[in-house]
Amino acid sequence: MRTRFAPSPTGLLHIGGVRTALFAWLMAKKTKGTFILRIEDTDRAREVTGAVENILKTLIWAGLKPGEGVVLENGKIAEKGGFGPYVQSKRLEYYLKSAKELVKQGKAYHCFCSTERLEEVRQRQTAAKERVLYDRHCRALTAEEVGERLGRGERNVIRMMVPSEGAVTFQDLIRGEVSIGNEILDDQVLLKSDGFPTYHLAVVVDDHLMQISHVIRGEEWLPSTPKHVLLYRYFGWDLPIFAHLPLLLNPDKSKLSKRQGDVAVEDYRAKGYLKEALVNFIAFLGWNPGDERELFSLAELVQEFSLERVGKAGAVFNIEKLNWLNFQHLKKKSDEEILGMLRGHLVKAGMDGSAFTDSYLLGVIAAMKERSTFVHEFVDKCPYFYKAPAEYDPDVVKKRWKPETRSQLEVLAKELARMGHTGKEDFEAALHRAAASLNIKNTELIHPLRLALSGVGAGPGLYDIAFLLGKDESVRRIFAAIEKLH
RNA sequence: GCCCCCAUCGUCUAGAGGCCUAGGACACGGGCUUUUCAAGCCUGUAACACGAGUUCGAAUCUCGUUGGGGGUACCA
């Protein structure tokens, strides 16, 4: 099996794009086939510099490395494989040759209509509530006339000649048989006046020349597939297998787009989503294993995935589920692995990472793991592990800080200061002793202590916090709180 | 407008005629646990768009309606 992902370099890689890439990649891997990256840069106006590199890096980040086509070699964009070039702007000769061949066979023709005339035709048709199609004006031109105008170097395009009757029927792996009447098919432009092909010509020529066996793409291409089928027939080529994936939707069910939240993979990456979670989540948008399992690694997806189990209806991109998956995948990682990511994050957050030892951070990770969905929460959610609280949550102060708290905490501080060993259970024992000597319940000390140490009312187990901070720092924070809160 | 595709809880989905008084997951509510917050465990609310058929029997098949989406460029 040879599958391909063929994006246009018009910007950042879209979440819908990676899903298409993922499905194509999975199919290739599953069958020990090849996954190819081809760049469809036939619209020069929309091209964005750096887009190819971004797309490639994002794919690789997600684990979807192309085995052929446009690849990254030593950090540089390169091409690999025997069917190149893999960038369409470098393949102009193929498209020109193909288009000319069709003209010669009478299956395509030169069209000299101006954009103004085209626009006029469109408007007339719209007003008359007719189908908006090219009126095939230039089909009537004689060979002499065409030759003459071509000789003058007049601007023209090449359009495919679509039969006005009959219908095109083709098989889609996901949707079964799809049929569209020829009468609604346009005499599609194949070669633009700038010499570049349109998508329709380029995709057919390249998929054939590159021996793509399965064309896996979004459902938005379904309506133009008949044109492609026609083109395959005109050229006398075998059809690939088509699989049109259901669309990814905004919460309002329209096609996933910008302006309704983030759509670039990079956005999610920047927010701290794990690639494992994103891939897992995206795979389940339209696909499922048929049983109750939900957590999948990329390798497991390769084992289980099949296009037969891809659904037909569009799927809403639901961030809540993604968050849950991120939590699950984060929990699956070893503390050591998280440590590496946390160190990276500390640096990014502008903190002096070297101020904390591995074992200290590992302690923070153990304490916070059940409470964190993202790696950055090992910092954001518990700043008190990195520096003493500068202020105290007013609500918690109101609830837990009584007039007698001050003197009680002083007793506790003395107990703590006297400890010989400073294990987690020693803090607990010391607090119990303090409470006993004051003749109060443990909780009356526990909550004020939590407030003094962390500045907030919620978090990991109190003794975990105290143990991690250590005896001296805990005592310091108690006195700091007494001073600030009276 | 025209064409194509789609239609099960709010969301992702299981379901390929009887196993469905429709299952799971996220989210939401309640409970247990507990020094707090989480996590975990238990539990609750919640869906076959509608209408005709076919059939002994339909979420599952057919047709229609409605709704939604996509397409309709010298963009992909």
Side-chain angles (χ1 to χ4, degrees), chain A residues 6-10 40-43 45-46 111 113-115 118-119 122 125-134 155-159 172 174-175 178-181 183-186 188-200 202-203 217-226 244 246-247 249 251-255 281 284-295 311-325 327 331 368-373 381 396 399-400 428 431 441-447 449-451 454 456-463 465:
Chain A
S8 309
T10 53
E40 310 219 326
D41 58 342
T42 54
D43 185 351
R46 295 206 310 158
C111 167
C113 293
S114 65
T115 42
L118 259 20
E119 184 51 35
R122 255 193 292 274
Q125 289 168 336
T126 308
K129 303 214 170 194
E130 286 169 13
R131 284 195 193 100
V132 179
L133 292 175
Y134 174 57
R155 266 180 97 77
N156 71 97
V157 301
I158 291 178
R159 288 181 182 273
D172 184 277
I174 293 169
R175 279 147 226 287
V178 177
S179 186
I180 296 184
E183 69 279 3
I184 65 118
L185 257 30
D186 210 348
Q188 184 68 51
V189 171
L190 298 177
L191 205 67
K192 307 184 229 180
S193 57
D194 64 1
F196 277 65
T198 58
Y199 172 82
H200 308 285
V203 75
R217 64 197 352 174
E219 195 192 337
E220 69 267 30
W221 293 112
L222 200 56
S224 48
T225 304
H244 288 93
L247 258 24
L249 274 22
D252 73 353
K253 306 252 184 184
S254 59
K255 184 172 157 183
F281 176 65
F284 271 68
L285 256 22
W287 174 87
N288 73 81
D291 54 38
E292 241 110 79
R293 290 170 300 161
E294 300 248 44
L295 258 39
K312 301 173 182 179
V316 173
F317 187 92
N318 176 218
I319 201 99
E320 301 285 352
K321 189 83 167 251
L322 210 207
N323 289 341
W324 177 77
L325 278 171
F327 172 72
K331 231 167 44 166
M368 291 299 295
K369 211 170 181 181
E370 294 297 308
R371 278 161 261 262
S372 302
T373 297
K381 266 195 169 178
V396 181
K399 192 171 173 197
R400 307 290 193 188
E428 185 164 3
L431 186 136
K441 285 188 196 158
N442 295 334
T443 50
E444 298 198 52
L445 240 28
I446 284 172
H447 293 293
L449 177 58
R450 171 182 294 283
L451 181 65
S454 71
V456 292
L462 174 66
Y463 306 117
I465 298 177

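- Residue-level contact check: A/S372 touches neither bases nor backbone, having no heavy atom under 4.0 Å from any strand.
- Toward the 5' end of RNA chain B, the nearer of the two residues A/N156 and A/L322, judged by each one's closest nucleotide, is A/L322.
- A/F196 comes within contact range of no nucleotide atom at all, as no heavy-atom separation falls under 4.0 Å.
- In this structure, A/R46 reaches the bases: a heavy-atom distance under 4.0 Å links it to at least one base atom across the strands shown.
- Nearest to the side chain of A/R159, among B/U36, B/A39, B/C74, sits B/C74.
- Residue A/K253 has a polar side-chain atom (N or O) positioned under 4.0 Å from OP1 or OP2 of B/U11.
- Between A/W221 and A/H200, the two ring planes are perpendicular [angle over 60°; tilted spans 30° to 60°].
- Counting distance only, with no hydrogens placed and no angle test, the side-chain atoms of A/R371 and the base atoms of B/C37 include a donor-acceptor pair under 3.5 Å.
- Of the candidates B/G70, B/C26, B/U35, the closest approach to any side-chain atom of A/E220 belongs to B/G70.
- Atom P of B/G29 sits at a distance of 31 Å from the matching atom of B/G68, rounded to the whole Å.
- Listed nucleotides: B/G70, B/C12, B/U35. Nearest to the side chain of A/L247: B/G70.
- For A/S193 and A/R155, the side-chain atoms include at least one donor-acceptor pair closer than 3.5 Å.
- When each of B/C5, B/U35, B/C2 is scored by its nearest atom to the side-chain atoms of A/I184, the top-ranked nucleotide is B/C2.
- In summary, A/D291 and A/R293 engage in a salt bridge, as defined by a charged side-chain N under 4.0 Å from a carboxylate O.
- The residue A/N288 sits close only to the backbone: its heavy atoms come under 4.0 Å of sugar-phosphate atoms, none of a base.
- Between A/F317 atom CZ and B/C12 atom P the separation is 12 Å, expressed in whole Å.
- Contacts of A/T42 with the nucleic acid, taken as non-hydrogen atoms under 4.0 Å apart, involve only primed sugar atoms and P, OP1 or OP2.
- With B/U36, B/C74, B/U11 as the choices, the nucleotide that has an atom nearest any side-chain atom of A/V157 turns out to be B/C74.
- Atom pair A/K255:NZ and B/U72:C1' shows a separation of 13 Å (rounding to whole Å applied).
- Spacing of P atoms, B/A52 relative to B/G57, comes out at 15 Å, to the nearest Å.
- Looking at the side chain of A/Y199, the nearest of the listed nucleotides B/C12, B/A76, B/U36 is B/A76.
- Among the heavy atoms of the strands, none lies under 4.0 Å from A/P246.
- With contacts defined as side-chain heavy-atom distances shorter than 4.5 Å, the pair A/I319/A/N323 qualifies.
- A/S8 comes within 4.0 angstrom of the backbone, heavy atoms only, and of no base.
- The side chain of A/K192 contributes an N or O atom lying less than 4.0 Å from OP1 or OP2 of B/A76.
- The side-chain heavy atoms of A/F284 and A/P289, taken from C-beta on, include a pair separated by under 4.5 Å.
- Checked options A/R175, A/R217, A/E219; the residue passing with A/H244 is A/R217 (criterion: side chain to side chain donor-acceptor pair (under 3.5 Å)).
- Rounded to whole Å, the P atom of B/C20 lies 13 Å from the corresponding atom of B/A59.
- If you check every strand for non-hydrogen atoms under 4.0 Å, A/V316 touches sugar and phosphate atoms only.
- If A/E294 and A/G457 are placed on RNA chain B by their nearest nucleotide, the residue sitting closer to the 5' end is A/E294.
- When the P atom is used for both B/C48 and B/U55, the distance is 26 Å, rounded to whole Å.
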